[in-house]
2 protein chains.
Amino acid sequence: MAQKNKLQFIILGLLNQQPLTGYDLTKAFDTEIGEFWQAQHSQIYPQLKRLEDQGYITHEITISGAKLEKKLYHITATGTALLSSWISDGTPDLTATKDEFILKLYFIQNNRDPRLPGMLQEQLALHTGKLAHLKQRLTTVFPTKASQTENYGHFLILQHALGRETYYVDWLKQTLQQISKKR
Amino acid sequence: MAQKNKLQFIILGLLNQQPLTGYDLTKAFDTEIGEFWQAQHSQIYPQLKRLEDQGYITHEITISGAKLEKKLYHITATGTALLSSWISDGTPDLTATKDEFILKLYFIQNNRDPRLPGMLQEQLALHTGKLAHLKQRLTTVFPTKASQTENYGHFLILQHALGRETYYVDWLKQTLQQISKKR
DNA sequence: GCGAGCATGTAAAAGGTTACATGATTAG
DNA sequence: CTAATCATGTAACCTTTTACATGCTCGC
């Protein structure tokens, strides 16, 4: 197995909250889940078919407008069981974060390398933007204390992502300061 | 392209520091680079062949003992040029961190879910261990202030990883405290 | 001598991205 | 009417993992 097919569990998890179409699922990877996993529709549609063949989900066809067919997928009892077992199973593997920028940094041996400031600044802009985006999402999706406990998992991962980005931005700023002293 | 073949640049970057064998390169992914990228020897050997065909690296054969042939790879002038252009190019894509645990968390809607404490504790143990490992590496690889500037990129990414793990551990502890209040 | 680690490769399978393809709906 | 978005699917390609396969060296 290349990575134990986590996509199937994500789909089951989303369908466990409410019935969705393949299109809906695809969109979820741009917003909710996008922070921690990515998948394209070309990967989702075949996976839906496989999950249905295995009996973990079913679909009903609804018609939008005159004749546009939508496949609305539902999770089955065996599907929720599979989802549960995945969540309950241990998660002992800490996957390496594949960060291309960090990789490039590794190959810059000299702290007075002229490319360093520009590279750090580019990342600072990117991560500052992402941080702002996350802050806004956290306040719009979870405006009240009560709303945070309603969908606790979602709240937690947003909060986690926010903290992570905060650290990243701080580290970039600190590193920029460090190199400015040394030139 | 599935991901723009970053492996080739990592190999070039490592060979730019010193000539290495495929075996040496493979080991580098367990230690130095392992924090930010992973690759197996089955991916490295074919990549070396491709890089050599394209003229970015060459190899010389050395003999260990009686007849064990080692291929010691060197980077060429066009190789260093390619490496430079990769580093100089912008890095505008922030790849999503694929963290299976965070994913599972997302699907736990209730903050009194009985599985939560155990899951958080398991991760706390894992990340605490990793943090300790990183701390030790930082002090053994870079014991003095002077040594830090010698291989600045390596120092930076170790420091970054350390900070990231510190945040992760703190967040886990904080979350554990949060849920203990609510039960 | 023997086992751990050195050393190099190929093959098969799975996961993931980009491109190709088509058609319907809805808001302006 | 027309462009953006909804909606579903397949094909080709690349990356990555796991498994298969072989042989040497060195310390004990």
Side-chain angles (χ1 to χ4, degrees), chain A residues 1-11 19-31 33-34 36-54 57 59-73 93-100 103, chain B residues 1-11 19-31 33-34 36-54 57 59-73 93-100 103:
Chain A
M1 292 154 255
Q3 208 167 160
K4 229 191 80 188
N5 195 353
K6 281 153 200 157
L7 178 62
Q8 65 180 326
F9 299 118
I10 303 173
I11 291 175
L20 295 168
T21 66
Y23 190 83
D24 296 331
L25 287 163
T26 302
K27 276 192 304 178
F29 284 90
D30 296 331
T31 54
I33 315 269
F36 294 98
W37 209 269
Q38 281 167 344
Q40 280 69 43
H41 75 274
S42 59
Q43 207 181 351
I44 291 165
Y45 288 111
Q47 184 64 65
L48 282 169
K49 195 167 279 177
R50 254 171 286 147
L51 282 168
E52 187 159 35
D53 288 347
Q54 293 168 306
I57 59 176
H59 79 267
E60 87 192 271
I61 289 176
T62 62
I63 307 287
S64 271
K67 55 177 164 174
L68 180 63
E69 291 193 352
K70 288 201 227 181
K71 291 187 181 175
L72 197 62
Y73 285 92
D93 301 316
L94 304 181
T95 25
T97 25
K98 298 200 164 182
D99 185 322
E100 190 177 1
L103 215 47
Chain B
M1 288 156 258
Q3 211 166 157
K4 228 191 81 187
N5 195 355
K6 280 154 202 156
L7 179 62
Q8 64 180 325
F9 300 117
I10 304 174
I11 291 175
L20 295 167
T21 66
Y23 191 83
D24 295 331
L25 286 164
T26 302
K27 274 192 304 177
F29 285 91
D30 297 331
T31 54
I33 315 269
F36 295 97
W37 209 270
Q38 282 169 344
Q40 278 71 43
H41 76 275
S42 60
Q43 206 183 351
I44 289 164
Y45 288 112
Q47 184 65 64
L48 283 168
K49 195 167 279 175
R50 255 171 284 147
L51 282 168
E52 187 160 35
D53 288 346
Q54 294 168 305
I57 59 174
H59 79 266
E60 88 193 89
I61 289 176
T62 62
I63 307 286
S64 271
K67 55 177 164 174
L68 180 61
E69 292 192 351
K70 288 200 228 182
K71 291 186 180 175
L72 198 60
Y73 285 92
D93 301 316
L94 305 180
T95 25
T97 25
K98 297 199 164 183
D99 184 323
E100 189 177 3
L103 215 46

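The chains referred to below are lettered A, B, ... by the order of the sequence lines, with proteins before strands, and numbering in each begins at 1.
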Check whether any side-chain heavy atom of B/L7 lies under 4.5 Å from a side-chain heavy atom of B/F29, and answer yes or no.
-> yes

Counting side-chain heavy atoms from C-beta on, which of C/dG15, D/dT16, C/dG16 comes nearest to B/W37?
-> D/dT16

For the side chain of B/S42 and the base of D/dT16, is some donor closer than 3.5 Å to an acceptor across the two?
-> no

Taking five pairs at each end of the helix from C/dG1-D/dC28 to C/dG28-D/dC1, what angle separates the two helix axes (nearest 10°)?
-> 30°

Any A/Q40 side-chain N or O less than 4.0 Å from OP1/OP2 of C/dG16 | no

Please state how far atom CG in A/N5 lies from atom P in C/dA13, giving the value in whole angstrom units.
-> 17 Å

To the nearest Å, how far apart are A/I44 CD1 and D/dA7 C1'?
-> 13 Å

What are the atom names and distances for every N/O pair under 3.5 Å that joins the protein to nucleotides 1-4 of chain C?
none

Nearest-Å distance for atom pair CD1/P, residues B/I11 and D/dT16 | 11 Å

Classify the nucleic acid contact of A/K98 as base, sugar-phosphate or nothing, counting any heavy atom under 4.0 Å across all strands shown.
-> sugar-phosphate

Side chain to side chain contact (heavy atoms under 4.5 Å, CB included) partner of B/H59, the single match among B/I61, B/T62, B/I57 | B/I61

Could you state the CZ-P distance from B/R50 to C/dG9, rounded to the nearest angstrom?
-> 13 Å

Hey, which sits more toward the 5' end of DNA chain C by its nearest nucleotide, A/L7 or A/I63?
-> A/L7

Show each protein N/O and nucleotides 6-8 of chain C N/O combination with a separation under 3.5 Å, one pair to a line.
| residue | atom | partner | partner atom | Å |
| --- | --- | --- | --- | --- |
| C/dC6 | OP2 | B/Y23 | OH | 2.5 |
| C/dC6 | O5' | B/Y23 | OH | 3.3 |
| C/dA7 | OP1 | B/K70 | NZ | 2.4 |
| C/dT8 | OP1 | B/K71 | N | 2.9 |
| C/dT8 | OP2 | B/G22 | N | 3.4 |
| C/dT8 | OP2 | B/Y23 | N | 2.8 |
| C/dT8 | OP2 | B/Y45 | OH | 3.0 |

Starting from the 5' end of DNA chain C, give me the residue, A/A66 or A/A39, whose nearest nucleotide shows up first.
-> A/A39

Expressed in angstrom and rounded to an integer, what is the separation of A/Q43 atom CD from D/dC14 atom C1'?
-> 13 Å

Separation of A/D30 atom CG from D/dC6 atom P, in whole Å?
-> 10 Å

B/F9: what forms a ring-ring contact (aromatic ring centres under 6.0 Å, His included) with it, not counting sequence neighbours?
-> B/W86

Round to a whole Å and report the spacing from CD of A/Q38 to P of C/dG15.
-> 17 Å

Using only side-chain N and O atoms of B/K49, determine if any of them is under 4.0 Å from OP1 or OP2 of C/dT10.
-> yes

Listed pairs under 3.5 Å, donor-acceptor, residues 44-51 of chain B side chains, sequence neighbours left out:
| residue | atom | partner | partner atom | Å |
| --- | --- | --- | --- | --- |
| B/Y45 | OH | B/Y23 | N | 3.4 |
| B/Q47 | OE1 | B/N5 | ND2 | 3.2 |
| B/Q47 | OE1 | B/R50 | NH1 | 3.3 |

Inter-residue atom distance A/I10.CD1 - A/Q38.CD, 0.5 Å rounding = 10.5 Å

Going from CG on B/L20 to NZ on B/K71, what distance comes out if it is rounded to the nearest 0.5 angstrom?
-> 15.5 Å

Please examine the side chains of B/E69 and B/I63, heavy atoms only from C-beta on, and report whether any two atoms are closer than 4.5 Å.
-> yes

Side chains of B/T95 and A/T97 in contact at under 4.5 Å (non-hydrogen atoms) = no

Hey, could you give me the CG/CD1 distance between B/L103 and A/I33, rounded to the nearest 0.5 Å?
-> 6.0 Å

Of all heavy-atom pairs between A/A96 and B/G34, which one has the smallest distance, and what is that distance?
-> CB-O, 3.5 Å

Whole-Å distance between D/dC26 C1' and B/K67 NZ?
-> 16 Å

Those residues that, when tested against B/K98, pass salt bridge (charged side-chain N to carboxylate O under 4.0 Å, His left out) (two or more places apart) | none

